[in-house]
2 protein chains.
Amino acid sequence: MWALSTSSETAYHHGDLRRSLIAAAHELLRDGGVEAVTLREAARLAGVSHNAPYRHFAGREALLAALAAEGFRGLRRALDEAGRAAPSAGRAAMPAERLTDLGRAYLRFADADRPVFRLMFGGTLERAAHPDLAEAAAQAFGALRDVVAAGEPAAGTERESLRAWALVHGLAHLVADRQIDAARAEACLA
Amino acid sequence: MWALSTSSETAYHHGDLRRSLIAAAHELLRDGGVEAVTLREAARLAGVSHNAPYRHFAGREALLAALAAEGFRGLRRALDEAGRAAPSAGRAAMPAERLTDLGRAYLRFADADRPVFRLMFGGTLERAAHPDLAEAAAQAFGALRDVVAAGEPAAGTERESLRAWALVHGLAHLVADRQIDAARAEACLA
DNA sequence: GCCGCTATGTTGACATCAGCAACATAGCGG
DNA sequence: CCGCTATGTTGCTGATGTCAACATAGCGGC
């Protein structure tokens, strides 16, 4: 699982309960879907009482939102790396190749952790109600937009950018929903 | 809301409780999201006791699955109509126009009832566990595939078909998640 | 016309969950 | 050494999903 990036959570009694709860929620989500993510069960996994989570999250939704936000941070990292790295050793990346790499990273992210991807984009969470989640999502989309814009500097190609985003996003959803497999989706990119 | 298409549900005591429960679930879904869809609340809305729904659905998930299945049947109808209807009065439809019409119908469906679209594609429901849902989904995808195949009769264009599907599907998700508005999505189709 | 059968709906119960309030504890600074 | 605040616990309430037992209504057979 991706590394957590919480901000300096000082450890009092438990050590780092906030992290542990997010990790527990992640595990529950993978094993039993979003309905299986329960504050009480997460607390049990973390070895604390059923009400300890309320010291770190406003409620069940806030825990899910934190998990989704971690997902968006992970997606942003994946996109950043794909946008920065040279596609082949030594050669400079052509814009089109870079775009394909970006799409591949997006698809691989969705395929690697389908439950989190679905949590991020499933619409269960109202981003407006969770500033941290909104921020993380905006940063991920920003990373995507930046690389796309760098690849297509001409004006008027906004439509093409949106088409590229929609294509990749649609493929990612189809992969996450197991309608198609990841290899077939990647073959569709270029 | 779209018409229900249950199979000869004879009305005994309530009239047609199955339909009423699905309608109630639909209302709850639109008003409060999937978490608000509750067997007991649906029963209250239908005016029956809290356990009556179990005579028609195996449990909460089965009710949601039935609602999603209705959604897929509605999507199939929308796609069928878009594939059959002439795009302009009197003229025969060119394949490309027909494809665009199909995409437009898909997008309009997603935009018209976002909560149901998210239920259908949100991954909360395991299609394998609900044969009726799997059947309805397969029929909707079949309708889509048929029209796409009719528009692109050449072999080897399977990749293009998948790209078209993914593009429309991605746009639909972006619309359902309010990342973009429906008009911008439709402008991306052709 | 009456009897029993099955589909349908009801009542009651139990375990689990989210969330609230009151309380306990641990580390920190004065 | 004292008290303050962050953290965690215990106990409770109301709602929910689901099971079991019971009640009722319409139908077919006689």
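Letters go in sequence order (proteins before strands), and every chain restarts at 1.
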Trainee: If you only use heavy atoms from C-beta on, which nucleotide in dT10(C), dC20(C), dT9(D) is closest to the side chain of Ser49(B)?
Mentor: dT10(C)
Trainee: I'd like to know if Arg60(A) reaches the base of dG19(C) with its side chain, counting only an N/O donor and acceptor under 3.5 Å.
Mentor: no
Trainee: Please give, in whole Å, the distance from dT16(C) C1' to Glu35(B) CD?
Mentor: 15 Å
Trainee: When you measure only distances, ignoring hydrogens and angles, does the side chain of Arg40(A) come within 3.5 Å of the base of dA18(C) through a donor and an acceptor?
Mentor: yes
Trainee: State which of dT10(C), dG17(D), dC17(C) makes the closest approach to the side chain of Arg44(A).
Mentor: dC17(C)
Trainee: Answer with yes or no whether His50(A) presents, from its side chain, a donor or acceptor under 3.5 Å of a partner atom in the base of dG11(D).
Mentor: yes
Trainee: Which nucleotide sits closest to the side chain of Leu39(A): dA21(D), dG19(C), dC20(C)?
Mentor: dG19(C)
Trainee: When you look at His130(A) and Glu61(A), which way does the side chain to side chain donor-acceptor pair (under 3.5 Å) test go after all the steps?
Mentor: CA-CA 9 Å; His130(A) 304 278; Glu61(A) 241 194 52; 3.0 Å; yes
Trainee: Between dG9(C) atom C1' and Phe57(B) atom CZ, what is the distance in whole Å?
Mentor: 15 Å
Trainee: Got a second to check how far Leu79(B)'s CG is from Phe72(B)'s CZ, nearest 0.5 Å?
Mentor: 11.0 Å
Trainee: Mind telling me whether His173(B) and Phe121(B) have parallel, tilted or perpendicular rings, with 30° and 60° as the class edges?
Mentor: perpendicular
Trainee: Is the closest side-chain heavy-atom distance between Glu35(A) and Arg60(B) below 4.5 Å?
Mentor: yes
Trainee: Could you check which nucleotide pairs with dT18(D) in any of the strands shown, counting Watson-Crick or G-U wobble with both distances under 3.5 Å?
Mentor: dA13(C)
Trainee: Among the nucleotides dG8(D), dT16(D), dG9(C), which one has an atom lying closest to any side-chain atom of Ala52(A)?
Mentor: dG8(D)
Trainee: Separation of Leu28(B) atom CG from dT16(D) atom P, in whole Å?
Mentor: 10 Å
Trainee: Rounded to whole angstroms, how far apart are CD on Glu41(B) and P on dT18(D)?
Mentor: 16 Å
Trainee: Closest approach to the side chain of His56(B), judged atom by atom: which nucleotide of dG17(D), dC17(C), dT8(C) is it?
Mentor: dT8(C)
Trainee: Take atom CG of Asp16(A) and atom P of dT7(D), then tell me their distance rounded to the nearest Å.
Mentor: 10 Å
Trainee: Taking 4.0 Å as the cut-off, does a side-chain nitrogen or oxygen of Tyr54(A) come that near to OP1 or OP2 on dA18(C)?
Mentor: no
Trainee: Only pairs with both distances under 3.5 Å count, Watson-Crick or wobble alike; so what is the partner of dG11(D) in this structure?
Mentor: dC20(C)
Trainee: Between atom CG in Asn51(A) and atom P in dT13(D), what is the gap in whole Å?
Mentor: 15 Å
Trainee: For Phe117(A) and Tyr106(A), take the angle between the two ring planes, folded into 0 to 90°, and tell me which bin it lands in: parallel under 30, tilted 30 to 60, perpendicular over 60.
Mentor: perpendicular
Trainee: What is the separation between atom CG on Leu21(B) and atom P on dG17(D), rounded to the nearest whole Å?
Mentor: 12 Å
Trainee: Knowing that exactly one of His26(B), Arg108(B), Arg30(B) qualifies, which makes a side chain to side chain donor-acceptor pair (under 3.5 Å) with Asp113(B)?
Mentor: His26(B)
Trainee: Going by purine N1 to pyrimidine N3 plus the second Watson-Crick contact, or the G-U wobble pair, all under 3.5 Å, which nucleotide sits opposite dG29(C)?
Mentor: dC2(D)
Trainee: Does Arg55(A) or Thr38(A) map to a spot on DNA chain C nearer the 5' end, using the closest nucleotide for each?
Mentor: Thr38(A)
Trainee: Can you tell me how far P of dC17(C) sits from CG of Leu63(A), to the nearest Å?
Mentor: 14 Å
